[in-house]
Amino acid sequence: MTHTPECKTPSAAGAVQLSYLESLWESMYEGRDPLLVTGVFAFLMHEIVYFGRFIPFLICDFIPYFQRYKLQPTKENTNEDYWKCTWLVLKSHFLFEGPLIFAFHPAATLLGMRVSAPFPEWQQMVPQIAAFFIFEDFYHYHMHRFMHWPPFYKKVHKIHHEYAAPFGIAAEYAHPIETMILGFGTVGGPLIYHFFATAVFKLGSDWDLHLATMLLWIVLRLFQAIDAHSGYDFPWSLHNWVPFWAGAEHHDYHHQAFVGNYASSFRWWDYLFGTDTKYRAYRKRQKEERLKKEKVQ
């Protein structure tokens, strides 16, 4: 499969001039195997974002000031916990996620995903990524809830619940079967979107799935997953500004109680299906106890 740029130079016909980033993108692929380029770039990006996003939370663990924002301050993870988690996650990344990342390029381009510059406009990328978030959250809620079916939980999902007080890199601390099942929500959503955009609704080439959009979506999804497992709820955390966003304040309770709050990004499915009732009652009690302490002081 060859990589051919869709538009490299301006012309009298009004072709688009590539930006600096788009030119770098083209030079990255020029004369190289696109499968190898995409695979290596996507895998390195995944590792850098995944572990890089965790570093600020790790630093907070060693600064007393930030302990007031810990969701479970009485539970402390040890260095052994961090190293054990890191080792299993790296093994999972290289043995399972890595091959899947490399397999994505041929599968997606076969379905018509665009790779060459120019990149899509933000007017296309924003609604596409919003749709990916909504699909992944819906899929994650139902599959995650299924994973708490006792036979499946005992053999597969229990590994992810090893840490009752999670920390960022525990987001992908999971059985390979769970990784593949839940991973479909991240990868499958964009492919399903592309099928409907091209084959069903015929929205035009501007709305085709582009690899740049896919990579941006994965970065945002990694940020969401790491943040949700961070164990911290800061005043600037997104759920304090976007009420329907889940975040760590929502997901941390799932690890603490081992039940409820099954969604990944949004709160509405747990609310509609009544799987957040214990969580809301628990947060209400916490608030009442905090107010009582403040009155005493």
Step-by-step side-chain contact (heavy atoms from CB on, under 4.5 Å) determination, M143 to L182: CA-CA 7 Å; M143 293 309 301; L182 293 182; 3.9 Å; yes
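- Ring to ring, Y253 and Y279 are close: their centroids are under 6.0 angstrom apart.
- Using modelled atom types, no side-chain atom of D252 and backbone atom of A228 make a donor-acceptor pair closer than 3.5 Å.
- How far CD1 of I181 is from CZ of F146: 6.5 Å, rounded to the nearest 0.5 Å.
- Ring to ring, F43 and F94 are close: their centroids are under 6.0 angstrom apart.
- Of the possible polar contacts, none joining the R53 side chain to the I226 backbone as a donor-acceptor pair under 3.5 Å is found.
- Residues F258 and H254 place their aromatic rings such that the two centres sit no closer than 6.0 Å.
- Ring geometry for Y50 versus H93: interplanar angle over 60°, hence perpendicular rather than tilted (30 to 60°).
- Aromatic ring centroids of W149 and Y153 lie 6.0 Å or more apart.
- Between the NE2 atom in H250 and the CG atom in D270 there is a gap of 4.5 Å [rounded to 0.5 Å].
- Proximity of a side-chain donor or acceptor of R32 to a complementary backbone N or O of S27 within less than 3.5 Å is detected.
- Aromatic rings from H210 and F119 are positioned such that their centres are separated by under 6.0 Å.
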Evaluation steps, side-chain contact (heavy atoms from CB on, under 4.5 Å), between F51 and T86: CA-CA 9 Å; F51 290 100; T86 301; 4.2 Å; yes
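- In this structure, OG in S237 is found 11.5 Å from OH in Y232, a value given to the nearest 0.5 Å.
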side-chain contact (heavy atoms from CB on, under 4.5 Å) evaluation trace for M147 with H161: CA-CA 11 Å; M147 288 180 179; H161 276 275; over 6 Å; no
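- In this structure, Q128 contributes its side chain and L209 its backbone to no donor-acceptor pair below 3.5 Å.
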CA sep, side-chain torsions, deciding dist, call: W268, D137, side-chain contact (heavy atoms from CB on, under 4.5 Å): CA-CA 10 Å; W268 50 59; D137 184 69; 3.8 Å; yes
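- Using modelled atom types and a 3.5 Å distance limit, the side chains of H229 and H160 yield a donor-acceptor pair.
- Taking CG of N261 as the start and OH of Y141 as the end, the distance is 9.5 Å to the nearest 0.5 Å.
- Of the inter-residue distances, the one linking H105 atom NE2 with D33 atom CG reads 8.0 Å to the nearest 0.5 angstrom.
- Aromatic ring centres of F135 and Y193: separated by at least 6.0 Å.
- L35 belongs to a hydrophobic cluster with L36, V40, L44, F102, counting contacts under 4.5 Å between side-chain heavy atoms of Ile, Leu, Val, Met, Phe, Trp and Tyr, direct or through other members.
- No chain of hydrophobic side-chain contacts below 4.5 Å, direct or via other Ile, Leu, Val, Met, Phe, Trp or Tyr residues, connects I48 to L90.
- Between F167 and Y82, the ring center distance clears the sub-6.0 Å criterion.
- Take Q286 and apply the side-chain hydrogen bond (donor to acceptor under 3.5 Å, both in side chains) test, not counting sequence neighbours, and it matches Y282, R283.
- A salt bridge does not link E289 to K284: none of the charged nitrogens lies less than 4.0 Å from a carboxylate oxygen.
- Connection of M180 to I218 is not established within any shared hydrophobic cluster, with ILVMFWY side chains joined at heavy-atom distances below 4.5 Å, either directly or through further cluster members.
- Sorted by first then second residue, the salt bridge (charged side-chain N to carboxylate O under 4.0 Å, His left out) pairs that include residues 148-162, not counting sequence neighbours, are K84-E162.
- Residues W269 and Y262 keep their aromatic ring centres 6.0 Å or farther apart.
- The aromatic rings of H148 and H144 sit tilted, their planes meeting at an angle between 30° and 60°.
- No side-chain donor-acceptor contact under 3.5 Å links E97 and T179.
- Of the inter-residue distances, the one linking I192 atom CD1 with F184 atom CZ reads 4.0 Å to the nearest 0.5 angstrom.
- Cluster membership for L238 and W236, using ILVMFWY side-chain heavy atoms within less than 4.5 angstrom, is shared.
- Within 6.0 Å of the CD atom in E76, the count of heavy atoms belonging to other residues, nucleotides or ligands does not exceed 12.
- Using a distance-only test at 3.5 Å, with no hydrogens or angles considered, a donor-acceptor pair links the side chain of H255 to the main chain of Y163.
- Side-chain polar atoms of T78 and D81 form a donor-acceptor pair below 3.5 angstrom.
- Around atom CD of E80, no more than 12 heavy atoms belonging to other residues, nucleotides or ligands sit under 6.0 Å away.
- Electrostatic pairing of K70 and D233 does not count as a salt bridge here, judged by no charged N lying under 4.0 Å from a carboxylate O.
- A donor-acceptor distance shorter than 3.5 angstrom exists from the side chain of N240 to the backbone of F234, with no hydrogens or angles considered.
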